[in-house]
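Order of appearance sets the numbers: ligands from 1, and atoms from 1 within every ligand.
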Amino acid sequence: MQNIHDQRLLVVDFGSQYTQLIARRIREAGVYCEIHPFDIPEIFIAEFAPSGVILSGGPETVTEGQTPRIPQSLLELGVPILGICYGMQAVATQLGGRVQGSNRREFGHASIEMAAPSDLLEALELADGSIDVWMSHGDKVTTLPDGFVCTASSESAPIAAMENVERKIYCVQFHPEVTHTTQGAALLGNFARKICGCNATWTAANIVEDAISQVRQQVGDDHVVLGLSGGVDSSVVAALLARAIGSQLTCIFVDNGLLRKGEVHEVEQAFSNEAGVGNALPLTIKTVDARDEFLSKLEGESDPEAKRKIIGALFIDVFEREAKALTGVRWLAQGTIYPDVIESAASKYGKAHVIKSHHNVGGLPERMELGLVEPLRELFKDEVREIGLHLGLPRSLVFRHPFPGPGLGVRILGEVRRDYAETLRQADDIFLEELRAAGLYDQVSQAFAVYLPVKSVGVVGDARRYEHVIALRAVETIDFMTARSARLPYELIEKISNRIINEIETVSRVVYDISSKPPATIEWE
Ligand code: XMP
């Protein structure tokens, strides 16, 4: 089997919010790449032996002395280098050109004109000699370093692109990684494939094949346990391990009473023998009915953080108990994905924001002396989805909206009660059913109902109703760090509201949440 990691690019991160997009575009071109911070040690660069290097943008200015620089050994590696925005300015500064600082930022669409023939830009289709690009910068290169030619210009950046073919260094002031740059993906593909000479081996089929052989090698004949949550990541891990080790895997699916309607059935169905996920070997799913345990522990507790802690700790207890009941388990499989890995690596350098740990099962691996199997560690979410489909998982599971670990526990404001959970499940189901029917489910990033235990008066038929309120929340977001409420059609919201009030006796009013994040968060607790 070919080694799909053999040819790889190194994406050097100077702290741009777009760095992950660069890596995703390169992977989409079929080439493996990794993101590492700019201050990686020389020894790492030598061992990594990239076929090419991409320098990201960044928030700093090279006009100040203490700001990040390109490691000298990278500049001397002799492989092609692509500098983007800050990466271009760093190249200019370090190789003898000049960069002019500015407090005024150029942000948004710009048009660039070709200034000279270019190996990098030749892939771009020119509409009347110009290319639509996305700019986001203050500083700009004003004097070329020795040996460089200017290959493109824009009105505000006369040196919008430059290259030194002999040294194989190519630079652009704009951002080819964002979709607003027409042909940006083509430019990055051209760099990875033609200039760096990499083959397009990074495909779903190859990734799956590679992951299967790695898992087999890692676990041998041992037994593996996996916490299946119904979310995309753990489902794809299950499908992958089913192919790799089949009956050596046991999935534990904890029904905590806070799942969405039909979730247990849907997950069991997706992995049933009839579904036969991608020629998988038989898979054992142990569904644990822990509804009473969770709901009784939550009784009387209304503080959001305390509820989260109770749910998290109990999950670990239940999972550990069930896993210990299995014999000979040596490994715990987890759905850790590449952005989690980047975030935790970057935090060593003190510049990452803190994110919630979504699927990691607390301190279980140490407590139970288990090794970790993380077959999705190298993959972005869109790659996880792609291999999920490749493995035969249903679209409904693969493109499912994210669902928080504490489930409906953080969507029932205040005390969690069984009857509230039941009402919320029904309302949520109606909301999502109508959203799907309107063809809008895949257009929004996350949609759900929230239970507000405040009483409100209504009239249904001739009768007065004095019951609780349901809030509907639908958001659009790229990264879940910021979000805006989805502008769903009024008629649709009205229809959903009517259905919820008419079909669920315990609801007297429905509201739609239009808050953005920030200042609000996506979840209500
Ligand atoms: P917030 O509410 O922080 O949510 O804007 C951002 C994203 O994270 C999910 N979320 C959670 N996921 N455990 C999780 O596994 C949690 O405690 C949790 N809280 C929020 C939320 O659904 C959204 O996708």
Side-chain angles (χ1 to χ4, degrees), residues 17 20 226-237 253-260 263 267 294 297-298 301-316 318-319 334-337 339-340 343-344 352-364 374 376 380-382 384-385 397-414 416 421 424-425 428 431-432 435 441-452 471-486 513-525:
Q17 55 172 327
Q20 292 195 20
L226 165 71
L228 194 57
S229 70
V232 186
D233 303 340
S234 67
S235 298
V236 173
V237 173
F253 186 16
V254 179
D255 181 358
N256 58 8
L258 302 166
L259 300 174
R260 287 164 287 193
E263 194 147 14
V267 170
F294 277 82
K297 267 257 164 65
L298 284 167
E301 184 55 72
S302 54
D303 177 70
E305 282 314 302
K307 291 195 306 186
R308 268 201 172 76
K309 285 209 177 92
I310 292 173
I311 298 168
L314 193 53
F315 179 82
I316 291 180
V318 173
F319 189 87
Q334 284 195 343
T336 313
I337 64 172
D340 306 333
E343 298 281 353
S344 50
H353 23 234
V354 178
I355 53 159
K356 290 168 190 154
S357 160
H358 292 241
H359 28 232
N360 296 350
V361 194
L364 263 185
E374 297 178 310
L376 310 181
F380 286 110
K381 194 83 175 184
D382 34 12
V384 171
R385 292 205 165 100
L397 201 65
V398 169
F399 287 94
R400 195 168 225 194
H401 293 167
F403 187 59
L408 302 186
V410 289
R411 292 181 179 170
I412 296 168
L413 302 198
V416 175
L424 180 56
R425 249 190 291 278
D428 190 68
F431 183 19
L432 298 188
L435 211 52
Y441 182 87
D442 290 329
Q443 311 289 315
V444 302
S445 313
Q446 198 172 7
F448 53 90
V450 182
Y451 192 91
L452 312 187
L472 305 178
R473 179 91 164 125
V475 295
E476 288 166 2
T477 170
I478 304 278
D479 56 6
F480 294 88
M481 301 286 187
T482 60
R484 74 167 211 184
S485 89
D513 178 2
I514 55 163
S515 349
S516 295
K517 172 184 180 175
T521 52
I522 295 174
E523 301 290 345
W524 275 49
E525 277 194 343

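No donor-acceptor distance shorter than 3.5 angstrom exists from the side chain of Arg308 to the backbone of Gly405, with no hydrogens or angles considered. The closest donor-acceptor contact from the side chain of Lys307 to the backbone of Gly409 lies under 3.5 Å. The main-chain N or O of Asp479 is found under 3.5 Å from a side-chain atom of Thr477 such that the two form a donor-acceptor pair. Asp428 contributes a side-chain N or O that, together with a main-chain N or O of Ala449, makes up a donor-acceptor pair within less than 3.5 Å.
Here's the thing with Gly405: one of its N/O atoms is less than 3.5 angstrom from an N/O atom of ligand 1. For Glu523, a nitrogen or oxygen atom sits less than 3.5 Å from a nitrogen or oxygen atom of ligand 1, counting backbone and side chain alike.
Residue pairs meeting the side chain to side chain donor-acceptor pair (under 3.5 Å) criterion with at least one partner in residues 402-412, sequence neighbours excluded, are Arg411-Glu523.
The heavy atom nearest to atom 13 (N) of ligand 1, considering only Pro518, Ser229, Pro406, is found in Pro406. Nearest-residue assignment for atom 4 (O) of ligand 1 (options Val410, Ile522, Thr477; heavy-atom criterion): Ile522. The heavy atom nearest to atom 18 (C) of ligand 1, considering only Arg473, His401, Met481, Arg308, is found in Arg308.
Ligand 1 places these atoms under 4.0 Å from at least one heavy atom of Lys517: 1 (P), 3 (O), 5 (O), 6 (C). Each of the atoms 6 (C), 24 (O) of ligand 1 lies under 4.0 Å from some heavy atom of Phe480. Distances below 4.0 Å separate heavy atoms of Thr521 from the following atoms of ligand 1: 1 (P), 2 (O), 5 (O). Residue-ligand proximity, Pro404 to ligand 1, at heavy-atom distances under 4.0 Å covers atoms 10 (N), 11 (C), 12 (N), 14 (C), 15 (O), 18 (C), 22 (O).
Looking at residues two or more places apart in sequence or on another chain, you find no salt bridge (Lys or Arg N to Asp or Glu O under 4.0 Å) involving Glu301.
Side-chain contact annotation: Ser229 with Ser234, donor-acceptor N/O pair under 3.5 Å present.
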